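What follows is a single structure, written as structure tokens, with notes after it.
Keep in mind that the numbers below use all heavy atoms, side chains included, and drop hydrogens, waters and symmetry copies. Here the structure is a predicted model, which is why all the values come from computation and not from measurement.
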Amino acid sequence: MNRRGFVGAISALSLVTLLPSGALALTDAQAKALVDSAVADINKVITSGKSLSSMIKEFERIFVKYGDVPIIARSALGVDARRASKSQLKAYTKAFQGYIARKYERRFEEFVGGRIEVEAARKVKSFHEVHTTAFLRGEAPFAVDFLVSDKSGRARFFDMIIEGISLRIS
């Protein structure tokens, strides 16, 4: 790279830092794409015909891939999260992600033969809400909303609200 190219690259980089912070923020389309990918992975597991224990392992992998597990775990821990050491939080977060996978273990049997459809995304304050509908055999469809943010460095969902019940709070 010559001097002119170097100066041009530095100039372009400095212009990016002058952009308003919203210019680089997560968009509705990006939030919806994240949930589309997560739902596609979940739907693959549902239709895979795998054993229940395999499905639980896959769900935990999906939860870690698309969910902001440290944020969700800290929220679930509440005020005690502020008192915990770094190693305690790390151990708790690992245990929490396994707990969530096992907690929804019974629900996987209900999901076999069902599907989840992603419908719309909208910005709400500093995050995005992505609305989906779950269709299970023999049950009325129900809403599942994913709250998505990129505040921790990557787009991830930090809450799932199933029929008005928050994963993070409950």
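Residues Val148 and Ile162 fall within the same hydrophobic cluster, defined by Ile, Leu, Val, Met, Phe, Trp and Tyr side chains chained together at heavy-atom separations under 4.5 Å. When hydrophobic clusters are built by joining Ile, Leu, Val, Met, Phe, Trp and Tyr residues whose side-chain heavy atoms come closer than 4.5 Å, directly or via intermediates, Val35 is not grouped with Ile161. In the hydrophobic clustering of ILVMFWY residues, with side-chain heavy atoms under 4.5 Å counting as a link, Val144 and Phe135 come out apart. The hydrophobic cluster containing Phe157 does not contain Val124, counting ILVMFWY residues as joined when their side-chain heavy atoms lie under 4.5 angstrom apart, directly or transitively. In the hydrophobic clustering of ILVMFWY residues, with side-chain heavy atoms under 4.5 Å counting as a link, Leu147 and Val130 come out apart.
Residues Ser149 and Ser126 share a closest heavy-atom pair of OG-O, 4.3 Å. Listed here is the closest heavy atom pair of Ile72 and Phe158: CG1-O, 3.1 Å. Among all heavy-atom pairs drawn from Thr133 and Pro141, the shortest one is CG2-CB, 3.6 Å. The minimum heavy-atom distance between Arg115 and Asn43, with the atom names listed, is CA-OD1, 3.6 Å.
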Checklist entry - Can you list the steps and then say if Phe146 with Thr132 is a side chain to side chain contact (heavy atoms under 4.5 Å, CB included)? => result CA-CA 8 Å; Phe146 290 81; Thr132 71; 3.9 Å; yes

Check against side chain to side chain donor-acceptor pair (under 3.5 Å), Tyr92 and Asp80: CA-CA 11 Å; Tyr92 171 78; Asp80 290 327; over 6 Å; no

Using the side chain to side chain contact (heavy atoms under 4.5 Å, CB included) rule, take Val45 and Asp41 through it: C-alpha gap first, then chi angles, then the decisive distance, then the call. CA-CA 6 Å; Val45 172; Asp41 285 357; 5.8 Å; no

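Atom CD1 of Ile56 and atom NZ of Lys50 lie 12.5 Å apart (nearest 0.5 Å). To the nearest 0.5 Å, atoms CG (Leu26) and CZ (Arg154) are separated by 13.0 Å. To the nearest 0.5 Å, atom OH of residue Tyr66 and atom CE of residue Met160 are 14.0 Å apart. Rounding to the nearest 0.5 Å gives a distance of 9.5 Å between OG of Ser75 and CG of Leu167. Between the CG atom in Leu89 and the CZ atom in Arg82 there is a gap of 12.0 Å [rounded to 0.5 Å]. Glu119 contributes atom CD, which lies 9.5 Å from atom NZ of Lys32 (distance to the nearest 0.5 angstrom).
Listed for the Asp150 side chain is no donor-acceptor partner under 3.5 Å among the backbone atoms of Ala25. The main-chain N or O of Ala143 is found under 3.5 Å from a side-chain atom of Glu163 such that the two form a donor-acceptor pair. Under a 3.5 Å cut-off, the side chain of Asp28 and the backbone N or O of His128 do not form any donor-acceptor pair.
Using a cut-off of 4.0 Å between Lys/Arg side-chain N and Asp/Glu carboxylate O, Lys57 and Glu60 are scored as not salt-bridged.
In Lys94, the NZ atom is not crowded: 12 or fewer heavy atoms of neighbouring residues, nucleotides or ligands sit closer than 6.0 Å.
Between Tyr99 and Phe96, the two ring planes are tilted [angle within 30° to 60°].
Under the side-chain contact (heavy atoms from CB on, under 4.5 Å) test applied with Phe59, the options Ile100, Ile46, Val64 reduce to a single match, Ile100.
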